[in-house]
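Letters A, B, ... are given to chains in the order of the sequence lines, protein chains preceding strands, and every chain is numbered from 1.
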Number of protein chains: 2
Amino acid sequence: MATDQLSVTFAALADPTRRAMLARLAQGEATVSDLAQPFDLSLPAISKHLKVLQHAGLVSQGRRAQWRPCRIEPAPLKEVAVWMEGYRQFWDESWDRLDAYLEALQTEEGEQGA
Amino acid sequence: MATDQLSVTFAALADPTRRAMLARLAQGEATVSDLAQPFDLSLPAISKHLKVLQHAGLVSQGRRAQWRPCRIEPAPLKEVAVWMEGYRQFWDESWDRLDAYLEALQTEEGEQGA
DNA sequence: ATGCTATTTAGCTAAGTAGTGAATCAGGAG
DNA sequence: CTCCTGATTCACTACTTAGCTAAATAGCAT
């Protein structure tokens, strides 16, 4: 398995359960049981998913009595955003519009030339 | 393994070899051998990585004689970008600045109150 | 037909992942 | 101290992934 940060982050995000947990944490702190509640999974399974998210640095965990409140951490998402930036031309709609625009321009020129 | 599109895409991106192949394809079409060239991997290994990328819809393959020219496909990247949008508040720097700004405001208010 | 180059498929191994239940640790509360 | 709740670790099973070599397929060139 790849161990570079970006690979670990992508791998952590490659699971709908973990993304749902992250979505829940985007709304604020939650305990492990809070996170487990929507799923038909054992607590150990949730704990494991959580560990994957922590290992990726996407989530940090505190302690309050017997609870382990979890928070979302922005750094790895930022790294993904930076990586995505390098491919913006492929996914940004405005680029598609620009592409269509340039194509239209070229067509006009062709018609003028004919 | 999760089979939803986003999970498959993230899983495909969770490998530095595959991301490097994608980076190469971002510069234009390439054959399988072209893609294999920078790596110390057997051709079958590259072919497998390529299949993962194709299965994620990130790459499409044509045929020209005995070559299979590969192209990058934008749709799954777009889906990732859309997903990321939902977390912009966590990774966008301007949010950090806003956060700092609000914090500064609150500190000022506190000092005024004291 | 034969061969040559590009690529894929098959069959295998080693290692990693996702889930389970049982047991254990952490930390109040009676 | 003992019990109860929250959470983790352990030991195990089923499955997937990444790599390899060897063999097969695709398509041009002779």
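- Along DNA chain C, the nucleotide nearest to B:Pro44 and the one nearest to A:Pro44 differ in position, and the one closer to the 5' end is contacted by B:Pro44.
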- How far apart are the C-alpha atoms of A:Thr17 and A:Met21, what are their side-chain angles, what is the distance that settles it, and do they pass the side chain to side chain contact (heavy atoms under 4.5 Å, CB included) test? CA-CA 6 Å; A:Thr17 302; A:Met21 292 168 77; 4.2 Å; yes
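- In terms of heavy-atom proximity, A:Arg19 sits nearest to B:Phe10 at CD-CE1, 3.8 Å.
- Listed nucleotides D:dA18, D:dG6, D:dC28 differ in distance to A:Trp67; the shortest reach to its side chain belongs to D:dG6.
- Although no hydrogens or angles enter the test, the distance criterion places a donor-acceptor pair under 3.5 Å between the side chain of B:Trp91 and the main chain of B:Met84.
- Residues B:Val59 and B:Glu73 share a closest heavy-atom pair of C-CG, 4.0 Å.
- Put simply, the side chain of B:Thr9 gets close to the backbone of B:Gln5: a donor and an acceptor are under 3.5 Å apart.
- Where A:Ala14 and B:Ser33 each meet DNA chain C at their nearest nucleotide, the meeting point lying more 5' is that of B:Ser33.
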- Item | From CA spacing to verdict: side chain to side chain contact (heavy atoms under 4.5 Å, CB included), B:Leu25, B:Arg71 | CA-CA 6 Å; B:Leu25 291 174; B:Arg71 289 195 309 151; over 6 Å; no
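- The span of DNA chain C lying next to chain B, judged by atoms under 4.0 Å from heavy atoms, is bounded 5' to 3' by C:dT5 to C:dT9.
- The distance between atom CD of A:Gln66 and atom P of D:dA7, rounded to the nearest whole Å, is 8 Å.
- The stretch residues 45-56 of chain A touches DNA chain C through A:Ala45, A:Lys48, A:His49, each having a heavy atom under 4.0 angstrom from the strand.
- At a threshold of 4.0 Å, the pair B:Glu29-B:Arg64 counts as salt-bridged, since one of the basic side-chain nitrogens sits closer than that to a carboxylate oxygen.
- The stretch residues 35-43 of chain A touches DNA chain C through A:Leu41, A:Ser42, each having a heavy atom within less than 4.0 Å of the strand.
- Backbone-only contact: A:Thr31 has heavy atoms under 4.0 Å from sugar-phosphate atoms and none from a base.
- Looking at B:Arg18, its side chain never comes within 3.5 Å of a backbone N or O of B:Leu13 through a donor-acceptor pair.
- Residues B:Ala14 and A:Ala2 share a closest heavy-atom pair of O-CB, 4.4 Å.
- The distance from atom CZ of B:Arg63 to atom P of D:dA26 is 8 Å, rounded to the nearest whole Å.
- Checking each of B:Lys51, B:Arg68, B:Gln54 against B:Gln61 for a side chain to side chain donor-acceptor pair (under 3.5 Å) leaves exactly one that passes, namely B:Gln54.
- Summarising the geometry, the separation between CZ on A:Arg68 and P on D:dT5 is reported as 17 Å, rounded to the nearest angstrom.
- A:Tyr87 places a side-chain N or O within 3.5 Å of a backbone atom of B:Ala23 that can act as its donor or acceptor partner.
- Within 4.0 Å (heavy atoms only), A:Arg64 reaches no atom of the nucleic acid at all.
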